[in-house]
Amino acid sequence: MLSGHLEANIYEKVVELARRRGFFWTAYEIYGGVGGFYALGDLGVKLRDRIVELWKQLFVKGHGFLLVDTPSIGPHSVFKASGHVDNFKDPMAECGVCGRKYRADHLLRDSGIRVSEGASTEEMEGLLNGNGVRCPECGSSRWRVRMFPTMFETRIGPYSESTGFLRPETAQGMFVEFRRIYETARERMPLGVAQIGRGFRNEISPRQTMVRLREFNMMELEVFTNPEEGCRYLAGLENEELALVTEDMAKRGEHAPLTIGVHDALSQGLIKNEWLAYFMVLSKRFLRLLGVHHDKQRFWGKPPEERAHYSQQTFDHEVLIPGLGWVEVAGLAYRTDYDLRAHSKASGKDLHVSMRTAEPKTEKMMRWRIKDMMELKEILGDKLKEFMELFEEHKDDERFPELIGSRLGIDVDELPLEAEEKVETVHVKRFYPHVIEPSYGLERLMLATLSWAYGIREGNRIVLSLPPYVAPIQVAVFPLITRDGLPEKAKEVVRKLSERFDVLYDEGGSIGRRYARVDEIGVPYAVTVDHRTLEDNTVTLRSRDDWSQIRVELGELEDELEELLSLPNLETTR
RNA sequence: GCGGCGGUCGUCUAGCCCGGUCUAGGACGCUGGCCUCCCAAGCCAGUGGUCGCGGGUUCGAAUCCCGCCCGCCGCACCA
């Protein structure tokens, strides 16, 4: 009944509704607006908070995971260590004459010059100047190429050398504070740490109100796991189906997803980590609970060149939004031990965890030993420092000689090295936890939720069929007419209900108009006080979705509403 | 960032090509009142726009010209 025929422009309709009724709108409107920033109104805040609550319920509370909150601004050192300073940037070519700026690699490609993926700024600058590439605006051909970080840069305190960055993801806070979080969690493993907060990315071109933002809210969960252990929550979900577009499929241009059971996806190696698979299932259910049907969801495997620098495998959870196409609402990444390892190295602080193994294990270990240091020094000369760095890191690796051969170009047989076998009894396993990260963009979730709730009834009546448990306003109360003491009685009901629900009271216009007004903002239930209420203390309870009405005793109203507004059983969301 | 198109009450829009008749018109919404025993009904009275911003041309600019901002579509980008 809720029609889908206006699918094509539903995005515009949703944005218009959001603005008109106060969910959200472009920020700084009175100054002409600034792209990439938006403001939330009352309904928007309430909707957002309900989505956050649902997320916490599913992702955090259900597993006994922890919540933290860390700063939005971090020092240079943190983002240097995390790899963002080096990777989170674009090459920009600046015209030496007019000062205009372009993407250097695009400029080259547009001029028909081949440029490799990892070309340095010097190489690109050389190519631009060497080939006489002209500035599209002023025609000159003197270029300077620099890297432009996509992070917002700022200063911390009055000292200009103390640069800081606005975090591009909340995740780093959880890695940086890992040591203390781990201790306060009494060294629990697996350990899930969640953070809801803002992230900032200085996007080249923000788009589409809530889709590409420069400042936005994220809900991120970092699950620190023992890489040798699977995910115990997966039990019972092995046959749950996921719609995958794998890296290989994407490469072949196959965009129709493969529907495959979790167990099969894991055993065929399509998903490389059990925890990742588990969160994909959870993610699918989460979006279903927000009103996005399963056939409007898919998981898109990111090829290496599109993945973040820290990721071994990433699936974007995409949902179809009518009028927009497939939109990424979450990134589910297997970050391995990249971040903890990087911060450990950069800070010099030990971020390993150690766990007592079930049984003491006798392990045969092999390691390389230097027989004669003086001789080594003589042979290597000034390569010694580099050798020792590699040696410290890889002395346990059987293939160390090959590594040295390829890195230093030295014939290993000439070095005074010997392989030493050792038998050790180990009670404790020390490792960097491997991290699985489901990360959600809150604004996109809101947009997806609103889009799939949006419908038109009887030609022109907008009905926002939000799932009751995320509706910003949960119940509306109306006096049927504005005399005979009905408004007074209705206000009593409002006072009572306000203790437990977000309530809206309205006595303006006809009853039909009032129902229409609340349908439009997704209020799932309306209570109407009429003359009979004065006689027998019953009211009508009207449902937004089918317009049905039932008569409810005022004494039972709150419990009845509580029931209607509760979360459905998770199993029913498959 | 590039190319194309666009920006007029809260919303949708008329007017722009062919400057003056526009102190910018309408519909819906919103506010107050009347009426009303259940789905945007009716009546009365209100409310509301320096026409995205800035500059120029002109006696006169929503209308013509330039710059900027914002939006949409395509390309690119997208941790």
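The model shown is predicted, which means the values in this text are computed figures rather than measured ones. Quick note on labels: first sequence line is chain A, next is B, and so on, each numbered from 1.
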Does Arg212(A) make a side-chain N or O approach to OP1 or OP2 of A76(B) shorter than 4.0 Å?
-> no
Check the distance between U11(B)'s P and Ile521(A)'s CD1 and give it to me in whole angstrom.
-> 18 Å
Identify each atom pair where a protein N or O and an N or O of nucleotides 34-36 of chain B are less than 3.5 Å apart, giving names and distance.
unit_1	atom_1	unit_2	atom_2	d
U36(B)	OP2	Arg483(A)	NH1	2.4
U36(B)	O4	Thr482(A)	N	3.1
U36(B)	O4	Thr482(A)	OG1	2.8

Whole-Å distance, Lys13(A) NZ to C72(B) C1', equals 16 Å
U50(B) to C9(B) separation - P atoms, rounded to the nearest Å | 9 Å
Under-4.0 Å side-chain N/O to phosphate OP1/OP2 contact, Arg517(A) with C30(B) = yes
Please work out if Leu17(A) contacts a base, only the sugar-phosphate, or nothing of the nucleic acid, heavy-atom cut-off 4.0 Å.
-> nothing
Taking for each residue the nucleotide of RNA chain B bearing the nearest heavy atom, is the 5' side occupied by Ser543(A) or by Arg20(A)?
-> Arg20(A)
Sorted by position of nearest nucleotide on RNA chain B, 5' first, the leading residue of Trp547(A) and Glu169(A) is Trp547(A)
Under 3.5 Å donor-acceptor pair, Asp530(A) side-chain atoms to C38(B) base atoms = yes
Atom pair distance, as rounded to whole Å: CD in Glu520(A) and C1' in G10(B) = 12 Å
When rounded to whole Å, the NE2 to C1' distance for the pair His84(A) and C78(B) reads 13 Å
Asp86(A)/Lys80(A) salt bridge by N-O under 4.0 Å criterion | yes
Test: Lys489(A) and Glu492(A) ion pair at under 4.0 Å | yes
What does Arg461(A) touch in the nucleic acid at a heavy-atom separation under 4.0 angstrom: a base, only the sugar-phosphate, or nothing?
-> base
Measure the distance from OH on Tyr11(A) to C1' on C72(B) and round it to the nearest whole Å.
-> 9 Å
Dump the intermediate steps for side-chain hydrogen bond (donor to acceptor under 3.5 Å, both in side chains) on Asp545(A) and Ser543(A), then the final yes or no.
-> CA-CA 6 Å; Asp545(A) 296 328; Ser543(A) 156; 5.1 Å; no
Per the under-4.0 Å heavy-atom filter, residues of residues 532-542 of chain A near RNA chain B come out as Thr540(A), Arg542(A)
Just how far, in rounded Å, is C1' of C30(B) from CZ of Arg21(A)?
-> 11 Å
Phe23(A) CZ to U11(B) C1': how many Å, rounded?
-> 16 Å
